[in-house]
Every structure is written in structure tokens, then in C-alpha cells.
Amino acid sequence: MNHFELQGGELWCEGVPLVRIAEAVGTPVYVYSSATLERHFTVLRDALTGAGLKDPLIAFAVKANSNVAVLRTLARLGAGADVVSEGEIRRALAAGVPPERIVFSGVGKTDQEIAFAVETGVAEINVESEPELHAVNRVAQSLGKRATVAIRVNPDVEAGGHAKISTGKAENKFGVSFSEAERLYANASNMAGVRPAGVACHIGSQITDLAPMEAAFAKMRGLVERLKAEGLPVERLDLGGGLGVPYFNQPEPPGPDAYAAMIGRVTRGLDVQLAFEPGRMIAANAGVLIARVNHVHERPEGRKFLVLDAAMNDLLRPAMYDAYHDIRPVKPRAGEPVVYDVVGPVCETGDTFTRDRALPPMQAGDLIAFMSAGAYGAAMASEYNSRLLVPEVLVKGDDYAVVRPRPTYQDMLDRERLPDWL
Ligand SMILES: *Cc1c(COP(=O)(O)O)cnc(C)c1O
């Protein structure tokens with residue numbers, strides 16, 4: 001459920017008509033709904049606690065939506081943060097996420113990033129390889145500290161979803177095998193600079209079938225039991241994120257209740273704190289990208305193009321993952337649906353949001369909304385083609401705020417330097 005609905009023939013976000021935001025802030029613009037973010041977080045937490053999990057750590061995956069106002073909205077409800085860079089740690093801290101709720105994931109942490117995480121005192125550094133374990137040990141010792149780590153395991157399951165977002169197969173770059181995890185965990189318990197506190201996995205994104213997750217989590221449970229049997233303390237089991245959301249052209253993915261029930265079943269009686277790293281399921285349907293139709297361009301051979309003022313640099317998912325986004329006119333016109341190719345102005349054929357999409361008839365100047373754009377939308381935006389970085393707006397009830405303004409062209413140019421020999 002989300003809070004983007006038609007009222008009086010036009011699309012609103014909570015108590016604000018999207019037309020009002022588009023006019024005041026300009027387009028393209030991302031618009032997020034506080035109530036939807038809060039609802040998705042609360043529904044997940046209630047489902048997990050309802051399934052009997054005590055005090056789960058729900059660390060929102062910052063890479064899905066890294067806007068500080070979005071992070072603070074979630075942090076105020078008790079969310080932690082799953083981060084993959086020093087920049088994301090700094091964003092989480094700026095949003096008020098306490099260090100003890102920050103989980104640091106990622107395959108290529110630099111010494112500088114590790115040092116920053118150790119000094120910050122994050123809840124756990126998820127170690128993805130043996131060299132990384134040694135790096136954390138070395139860096140923490142040089143700081144006179146002991147870093148809490150979890151070993152990230154690659155459970156070697158096929159989780160479906162797009163190849164570019166599948167992470168849980170042995171061929172992927174993420175994590176270590178189960179046997180390696182046992183060896184590393186035992187080694188880590190003898191290192192002065194680290195304290196192994198748990199194990200972690202994350203098998204992919206936009207997963208719409210619980211079976212591969214259940215298979216992976218059952219294997220993780222086995223690992224925890226083996227470690228404990230060896231006398232190694234395990235405090236936390238981090239099950240990652242990855243639950244899919246409905247993008248409208250797909251079967252409805254399992255909801256939080258089914259997900260939580262499965263987890264309750266798989267982890268029953270295991271005396272560890274569970275951690276989760278959801279991104280998409282919290283943020284995707286809490287945001288839209290509003291764009292304006294620049295031209296309706298009809299080719300002699302019959303194709304009709306809606307040329308928007310938004311492009312692949314603003315919303316990369318269709319170009320990168322062939323992702324489907326529902327497209328809704330902000331003020332739908334009456335009339336028979338028309339089949340359009342919806343494209344942006346960037347000089348790449350890949351700058352095509354969709355082909356052959358039946359939409360209500362559109363005219364130049366009309367506004368459209370890309371639905372389910374709150375995750376991996378603005379966070380992946382760039383200035384490709386020297387287009388200004390897309391702004392972001394957060395709605396709360398009848399109110400809204402620009403939470404990342406559109407930069408000016410001068411801002412863009414001011415970031416660069418001409419060497420004195422030119
Ligand atoms: C991307 C990522 C997530 C979030 O994935 P979603 O599909 O958005 O839930 C969680 N954990 C790790 C380690 C990730 O890389």
C-alpha cells in the first residue's frame with residue numbers, strides 16, 4: 001500500500017497534489033511519501049516481532065535511497081542502516097542513526113573506510129573475504145581497537161531476479177563459502193583486532209519467491225549451530241535484504257507477513273539476534289519520479305514517442321536492468337489509450353524507459369509519474385549529458401519540503417578546476 005492516489009481526477013501524494021510540487025520545484029523531481037516509508041518499516045517490524053523474533057535489528061539499506069531526510073524518517077522509528085561506503089556511514093550518522101545500529105557491508109572496503117567505521121563504533125563490519133578480515137584486524141589494532149565483525153557467507157543459491165542484482169551464487173563476488181566461513185570465524189576469534197559476533201548473507205534483490213531465501217537461511221542456521229557447537233559465540237545472524245516489491249507487471253511478491261513467518265520457522269529456537277537489511281521493500285513504493293512531456297513525436301511509420309524532460313541519468317533502472325515502472329499521467333485525460341514509446345532526451349538509444357506502453361492520451365506539457373521509483377532511483381542518478389542532478393521532495397501530510405534542491409548550472413561548473421596551463 002502507498003499514499004499516491006487519484007483525488008478529483010489528479011494524482012496526489014498524501015495531502016499534496018503532485019502538480020503543485022511540479023510547478024513549485026520544476027521537473028524532473030523525485031517525490032517521497034513519509035507515511036508510506038513509515039508504514040513499510042512498521043509493517044515489517046510488526047511482522048517480524050509478530051513471528052516471535054525479539055528485538056530484530058532492521059538496518060535500512062542506504063544504497064536504495066540515501067537521502068538524509070528519508071534516512072531520518074526511518075531512524076526516528078528505530079531503523080538502523082546497512083551501509084556500503086564511508087559516505088553512507090556519514091549519511092547515516094547525519095540522519096541520526098546510532099552507530100550501534102549501523103552495519104557496514106561491501107566487498108571492497110578501503111583501509112580508510114574501515115578505520116572510519118571502527119572509530120565510529122558501528123555494530124558490525126560484514127567481512128566479505130579473508131584478505132578483508134586481515135585488513136580489519138590490522139587497521140583496528142593500529143587504532144588500539146577491536147572491531148566487531150560478521151562473516152558474510154555466499155550461500156550459493158539461485159535467487160532469481162535480474163543477473164545484475166543476484167548476489168548469492170558462488171560465481172558472484174560477494175562473501176565466502178560455508179567451510180571458509182567456519183575457518184575464518186575460528187581464526188578471527190584468535191585475532192587481537194577483531195571480535196567475530198555473527199554471520200551474514202544477502203542473496204540478491206527483487207526476490208519474489210521465498211523458497212531460495214528459506215533454503216539459504218536454513219543453511220545459515222546450520223552454520224550458526226556448527227559454530228556454537230565448536231564453542232564459538234554467535235550473537236547475531238544477519239539475513240540481508242532482497243525481498244521484492246510489486247512493479248505492477250509481475251506476480252505479487254510475498255508480503256512481510258509471509259516473509260516473517262518463514263523466518264520465524266527457520267530460526268526457531270536459535271538464540272541469536274536477527275538482523276535485516278531491507279532497501280527496496282521499504283522505499284520503492286514510497287517514491288515517484290515526476291517528469292513533463294516535452295514533445296509527442298510521431299514517426300511516419302507509426303511509432304509515437306513521448307519525449308520527457310527526465311532521462312536515464314535521473315532513473316537508470318530501465319536502461320540498466322530492463323526494469324519496469326508503472327507510468328501514470330498526473331492528470332489523466334479522457335480517451336482511448338494510445339501506445340507510446342517513452343524516452344528521455346539523452347543521446348543514447350538506451351535512454352528509453354519503455355516501449356509499446358498503452359497510456360491515456362498525452363500532450364506536450366502533461367506531467368507523468370514513474371511509480372515505484374523510491375528505491376534505486378535518485379540514489380543512482382548522475383549528471384550524464386551535463387543534466388542537473390535531479391531534486392528530491394519529501395511529503396508529510398499536507399506539507400512538503402525540498403530535501404535535495406536542484407543545483408544550479410553554476411554549482412555544477414564550480415566543482416571543476418582549470419589547470420593554470422590552460
Ligand atoms: C543492496 C543490498 C541490500 C538491500 O537490498 P534490497 O533488495 O534493496 O532489499 C541489503 N544488503 C546488502 C549487503 C546489499 O548489498
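Numbers here are sequence positions counted from 1. Numbering of ligands and ligand atoms starts at 1, following listing order.
- For ligand 1, the polar-atom distance check finds an N/O of G279 within less than 3.5 Å of one of the ligand's N/O atoms.
- With a 6.0 Å cutoff to the six-membered ring centre and a 45° limit on the axis angle, R328 does not count as a cation-pi contact of F4.
- Listed by atom number, the atoms of ligand 1 under 4.0 Å from A61 heavy atoms are 3 (C), 4 (C).
- A salt bridge links E225 with R221: at least one charged nitrogen is closer than 4.0 Å to a carboxylate oxygen.
- At a heavy-atom cutoff of 4.0 Å, ligand 1 is contacted by both the backbone and the side chain of R280.
- Which of G175, C201, S205 comes nearest to atom 7 (O) of ligand 1 through a heavy atom is settled by distance: it is S205.
- For the pair Y376 and ligand 1, a heavy-atom separation below 4.0 Å is found.
- An N or O contact shorter than 3.5 Å is missing between S105 and ligand 1 by distance.
- By the 30° and 60° cut-offs, the orientation of the rings of Y247 relative to H325 is perpendicular.
- With a 4.5 Å cut-off on side-chain heavy atoms, L359 and I327 count as touching.
- Using a 4.0 Å cutoff on heavy atoms, G240 does not count as a contact of ligand 1.
- For the pair K109 and F104, the distance from NZ or CZ to the six-membered ring centre is under 6.0 Å and the angle to the ring normal is within 45 degrees.
- Checking R152 against N126 by side-chain atom types alone, no donor-acceptor pair falls below 3.5 Å.
- Residue G242 places a heavy atom less than 4.0 Å from ligand 1.
- Under a 4.0 Å criterion applied to the non-hydrogen atoms of P278, ligand 1 contributes the atoms 9 (O).
- Atoms of ligand 1 found under 4.0 Å from any heavy atom of G241 (numbered from 1 in listed order, with element): 9 (O), 10 (C).
- With a 4.0 Å cut-off on non-hydrogen atoms, N126 does not touch ligand 1 at all.
- A cation-pi arrangement is absent between R355 and Y340, since the terminal nitrogen or guanidinium carbon is not both under 6.0 Å from the aromatic centre and inside a 45° cone about the axis.
- Ion pair D341/R303 flagged as a salt bridge, since at least one NZ, NE, NH1 or NH2 atom sits closer than 4.0 Å to an Asp/Glu carboxylate oxygen.
- With K63, M281, E277, R152 as candidates, the residue nearest to atom 10 (C) of ligand 1 on a non-hydrogen basis is E277.
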